Amino acid sequence: MRAVIVLSLLLLNIHHATSAPKGVTASLKAKWKSVRSYYNLVIKKAGQFLTDLKVNLLKFALALRSYSPAVHASQQIAGDEPPPEACPAFVSIHGQHSCSTKDVKKLLKAASGRPKPYLYKNDHTYPGINKTDVPVVILYAEIGTKKFASFHKILSERAQEGTLVYVLRHFVADPKPKKMLLSGYGVELAIKSTEYKAVDDTKVKGQWWLTKYEDNSEVQGFFFGTLKKSHPDLEEQLAELRKHLLESTNDMAPLKVWEMQDLSFQAASRIMSVPKFDALKLMQDVSQNFPSKARSLTRVAVKQEMRKEIEENQKHLSETIGVHPGDGELFINGLHIDLDTHNPFSILDILRGEGRVLEGLHNLGIKGEHQGKLLRLPVNAVDDSYALDIRHPTIMWINDIENDPVYRSWPTGVQELLRATFPGVIRQIRRNFFNLVLFLDPVQEESVELVKLAELFYKHKIPLRIGFVFVVNTKDEIDGFSDAGVGFYRLLNYIADEYDLSQALMSILYNKVDVGDTLSVDTLSAYLKKKFPKANAERIIGKESEYDDKRKDGALFYKKSGLGALPLALFNGVPLSQDEMDPEELETIILQRIMDTTTAFQRAVFMGQLTEGSDVVDYLMEQANVVPRMNPLILGTDRKYLDFTAAPGDLVLKSFCSFIVDEDGMSTLTIWIVGDFERASGRKLLLNALKHLKASPGVRVGVINNPSGKPSEDNTVLYRAIWASFLTQKNKATADFVQKLLKEESSQLLQQGTKIKELLMQGMNVDAFEKKFNTLEVDFIHSQQLFCRDILKLGPGERAVISNGRILGPFEEQEDFTVEDFHLLEKITLSGSAEKVKATVKQMGMKPKQASDLVMKVDALLTAAPKGEVRRDVHFSKDSHRWIHFFNPFFLFNLVLLNLLWCAVILLSVLHLSPRENEVFYDVVAIVDPLTREAQKMSSLLIVLSQVVNVKLQVFMNCRAKLSEMPLKSFYRFVLESDVTFLANDTVSPGPAARFMELPESPLLTLNMITPESWMVQAVSSPHDLDNIHLQEVNRIVMAEYELEHLLLEGHCFDLSTGQPPRGLQFTLGMSRDPLMYDTIVMANLGYFQLKANPGAWILRLRVGRSEDIYQVLTHDGTDSPADTGDVRVVLNSFHSKIIKVRVQKKADKINEDLLSETSESKGIWDSIARCKDDGEKKKEDVLNIFSVASGHLYERFLRIMMLSVLRHTKTPVKFWFLKNYLSPSFKETISHMAESYGFQYELVQYKWPRWLHQQTEKQRIIWGYKILFLDVLFPLAVDKIIFVDADQIVRADLKELRDLDLEGAPYGYTPFCDSRREMEGYRFWKTGYWASHLGHRKYHISALYVVDLKKFRKIAAGDRLRGQYQALSQDPNSLSNLDQDLPNNMIHQVAIKSLPQEWLWCETWCDDVSKVTAKTIDLCNNPKTKEPKLMAAARIVPEWAEYDKELKDLLRLVEEKGEPPKEKQTPTPSQSEQG
């Protein structure tokens, strides 16, 4: 073994701030001896504010470089200001900049006249009194510099005073560009098939520069780097010894099938046989180097007990959590971590979130099994669609679907919901599935249209039960002659009594009032005289009316419901927003709600939750989201919580005393009332809480005083009396006394000078009260006042309510928090986690007071934590056996021995690592087959995880039996470190890299980067062929550098009107100074789009032209700007995936326009992206667009020859398009020189394989996928036609002829496979079996050459159809064996193929020699019969090939001799160069 492979990933263009501004550098250097000591100081300082766990997570984050994108984003935002020259730090005040602290005051004076700056969600805002009506000052500076300190002193003081909002953004005036090595990704060296030789014979030159990477790895106990230094005279002999040792351990001879069968169990047995602390490292070694370890594993014996235990556990796991043999799963504290979607950056976020909860529980004294129980409690997520109970007697229902005769013919069974219907059809079932309640003021103008709409639903027999609540004047003295609303209500009751309610309602408003008018008394009187001439108007609507029954009920129900302004509607109890109440939109919205709700009912019927015997309305109203009252303050999703695990929480607890405890002595809900109780509003709030307390025994109430002014003995009499009663009296006496004190007459008496002892009640302990009251100082009130100001962020005298730590408030001065609101607050709090927490705390056997405190603290902690997926309780079958024995009295005498025995049994298949005692720990469970791709990644991850945090780790060996092929065919490294590493001279190491040591020399390897979903990486430096690494032919080290070129911005776009993706819609992405940097097209599949970007603040816009002319952006989610703004701002400041949702709508005058219509496309789309800006129209430039893909030096060599052959046979300007993803650094360095020499244009295109599309793992199949799956989005809309030419083709004709060929309506044209070479008949797979029956009379086409009409391709959504079919077929690993070829041939009936004349593609394998003379292109197909290497075939078959090859070699040699710096000079398309 003579070679190793070192691979590193660079973070491109992100400046690591290693220098401070001049004047500070010297002092830093003088004070800190090294970077290591400076780093240690930073960590030490962080330790003063952070716990040990958080410090470890900080170190891990720094090792991951996870903050680098945020630093760079800040730097980019500063660059957009732009910064003043020679300014180490500056402020931006509403667009005005200054480097001096002296100018701040002056700039603030005029700031209000200028627009406020845009603030981003992740901006660092100083925690002062951040008012909305004060100026915003943004400081761009580097923390730790003198300039920062001087600005910070002034700005922080003013922010605390509330005179400005202070925002800090990181900025380094003179950053030193330093490339950093990243971690958090995987590297695979896959073993390639050598059936067809695909290695270039050109020798790699210039390897001398690699010698600095010396190897000091251990081989069978020898450290050869150390030995070489100690014995330089034996270097040659040591190299031979090392090679011998490596070759003896890395036996790559193929295994027999019978030897493979037990490999998975044998690997598990080997891993479980070593000390448990070494087991993970061994699993890492076995899985990541499996091809060279396989033979040694075949000699491992597997115990039958272990095999049996694994099978038992697999059966148990399959039944409990659906995990099957061979599956790989990871759980952290019961949360499922999907390793296909999660990466170290997202796992770090999970560790942080879990750490907050774990530390909180730990600080509250909860440990062991109770911690796990509380952590796994299901906490209901905050609902954003609460419903009001509609079973209220006040609602006047005008129809009843279940009982009215008009619906008698409809079926009644709920199973009818599951009957198939055409899409969009509303099922007519005789059940009250859909209920609409309208709250109306009869005299409002809008009421007329809404009642007419209700009548429309009723007349057309829409299965909708319709009810009304009329809110009219409630004053007794008002009659129907003075108020039309009251008159309407009385007349309605009269007609309903005499005739029918529905007829009454419709006949009054529908016939007599026009849209735009309002109901009047005259209208009512006229109607009454005409319809009921004999009726006594005075008796019906006058003062003595007999039909005024329950007139006040509607207004009372409306008031108690807490609903907003009239008119409003409830659909199945859920209020519609004001925007949805537009009568023109309401009909569509109601019908859409019916369709959406049908799906939920279908699910309920299918799951057995809704049966034939169920009352549908009762079922609806018993759902968790139904509440007795609407109050946005209580039901809103934006909620704040107190942290009881920190010091302020203890301070609060001293300010509280319970009134009433439950029967079991525990309170589930703790409510604090905060306010100034010397004010009427504060007293009323507390009084309402006490009224609620009487009806809710499981609640306790405390008080916190927030006085309006400085507390003194004179102005705190009432509160001190309340407090004294808390401390000295029993619950009931305290409650009664405080209620008496809170009444207004008591307050007036105290103000008039009445002594507090005169208000004392019977049953109180008078002596104790008076003693406490007379000795109470006002200091405790002052501490409560500070708590309100600093922790609750309340102004003096402001009121708030705290419910189990959740802060509601501050309330507006006139805002009332009623008894009904307290009822609602209790329901919402208990429906979260409070009841479940109480049940768990009850098992701990604590005293009632401490238990109630703990329920409150834990509920606040768990409810404030972000809501994730449901936690799984993963355990193994042997665990339960152990505990059964543990509690069996018969075995108690030998308990310790028995426990040890069962542990030993468990350790046969489950690796157990215990956590350090008395520390916060994470419960990590891994289920993995040691010989899978999941094991390759998971082993490294678990090792780092155990270094970063304290873990209780269980790893179950989920082995597969009876393997019939090698389970792993690759070497793998996962690049991840737990902490920043330093070199011997105390400088920061360049960073982690993937190092492959001890590799066997015989196999041919191809390198694959496995990076997080949002990363776009490219190889930037390596003279070697990374697609064909053959270590036998390499001296010393194979080294490659990759670069993180872009972070991906992904999104989904839908048309709000149709609900469908707007196909062909274009977005552009840019920055404020350069609005068009990247563009993209929206797919029909999921409305998906992606854009290349980098850390910074970006603006997404509709492209100028047809996209902007026809569409407008309405709303967006996941962005950094308000949802209703047209400009979509997105900040990329992390390595996480950024996925946004954009909803668009056609403009009113463009409803019938089509983005991809034939009539508009040729003009409109070209106009939107045409290169020419001159006045008048110019003809499009005639360019021949050729697309090709290549990977590996050999195919890049073929690619150059193909390009040269194209250029030699056409006079038309040519533009080549190459897939950038897999091109080598050497090709990208030389292509610009070739373009310059031969006069062609080129562009490198990229597209990241979408995460939702089934992923291929083999590089060749990924490249095949790119050839066919993304043709509609790879190229700008300006490209009408494109020709794909395989890299290993030689062109002998003008491809312009092919471009101009009539495709007869098909989106693309392919050449059929030749039939003329008869000796290959046995290899023509398409003539038998599936293909013969599927194709019928059609031919099977080859994918080496095809022409695509991109206009037609996009118009018929061919790309979306192809991706849809691929998604369905690719789930089966045996389908689409030749992906790029099989897919279009499989889809030939849905996406037509134009068969090109046979002469367009000649291939020796399939075509006879006679037809070669007329061939327009020659393809170097693989020959399955002879397996002839490509290079030999090329020189033999194509005479001109050697000439082309020599010409290009001469050119490349000239380029190398000139030693010019490498260029990457693309010819941009109009879509990239045009600025709108």
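Here the structure is a predicted model, which means the values were calculated and not measured.
Side-chain contact between Met844 and His370: present, with at least one pair of heavy atoms (C-beta onward) separated by less than 4.5 Å. Inter-residue side-chain proximity for Arg307 and Ile310 is flagged as unmet; no heavy-atom pair is nearer than 4.5 Å. At a threshold of 4.5 Å between non-hydrogen side-chain atoms, the residues Ile321 and Asp873 do not count as touching. Side chains of Asn705 and Trp723 form no contact here, defined as non-hydrogen atoms less than 4.5 Å apart. At least one side-chain heavy atom of Met957 sits less than 4.5 Å from a side-chain heavy atom of Met283.
Judged purely by atom type and a 3.5 angstrom limit, Asn343 uses its side chain to pair as donor or acceptor with the backbone of Ser346.
Under 3.5 Å, the side chains of Gln947 and Ser978 contain a donor-acceptor pair of N or O atoms. With hydrogens and angles left out, the side-chain atoms of Ser803 and Thr829 include a donor and acceptor closer than 3.5 Å. Of the N and O atoms on the side chains of Gln314 and His324, not one donor lies less than 3.5 Å from an acceptor on the other residue.
Using a 4.0 Å cut-off between charged side-chain N and carboxylate O, Glu354 and Arg871 make a salt bridge. With respect to Asp853 and Arg700, a salt bridge is recorded, a charged nitrogen being found less than 4.0 Å from a carboxylate O. A salt bridge is absent between Asp278 and Lys281; no separation between the charged side-chain nitrogens and carboxylate oxygens falls under 4.0 Å. Ion pairing between Glu919 and Arg916 holds under the 4.0 Å rule for side-chain N and carboxylate O.
Looking at Val841, Val858, Leu861 one by one, the single match for side-chain contact (heavy atoms from CB on, under 4.5 Å) with Ile366 turns out to be Val858.
Across Leu351 and Tyr922, no two heavy atoms sit closer than the pair O-OH, 2.7 Å. Nearest heavy atoms, His1136 versus Asp349: NE2-OD2, 2.6 Å. Closest heavy-atom contact between Ala800 and Gly809: CB-CA, 4.3 Å. Nearest heavy atom pair, residue Leu57 against residue Leu348, reads O-CD1, 3.9 Å.
Contacts classified as salt bridge (Lys or Arg N to Asp or Glu O under 4.0 Å) and involving residues 822-834 (residues at least two apart or in different chains) are not found. The side-chain hydrogen bond (donor to acceptor under 3.5 Å, both in side chains) pairs that include a residue from residues 358-367 are Thr51-Glu359, where partners are two or more places apart or lie in different chains.
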Fill in: Pair Arg376-Asp923, side-chain contact (heavy atoms from CB on, under 4.5 Å): steps then yes or no
CA-CA 11 Å; Arg376 284 174 173 76; Asp923 188 357; 3.5 Å; yes

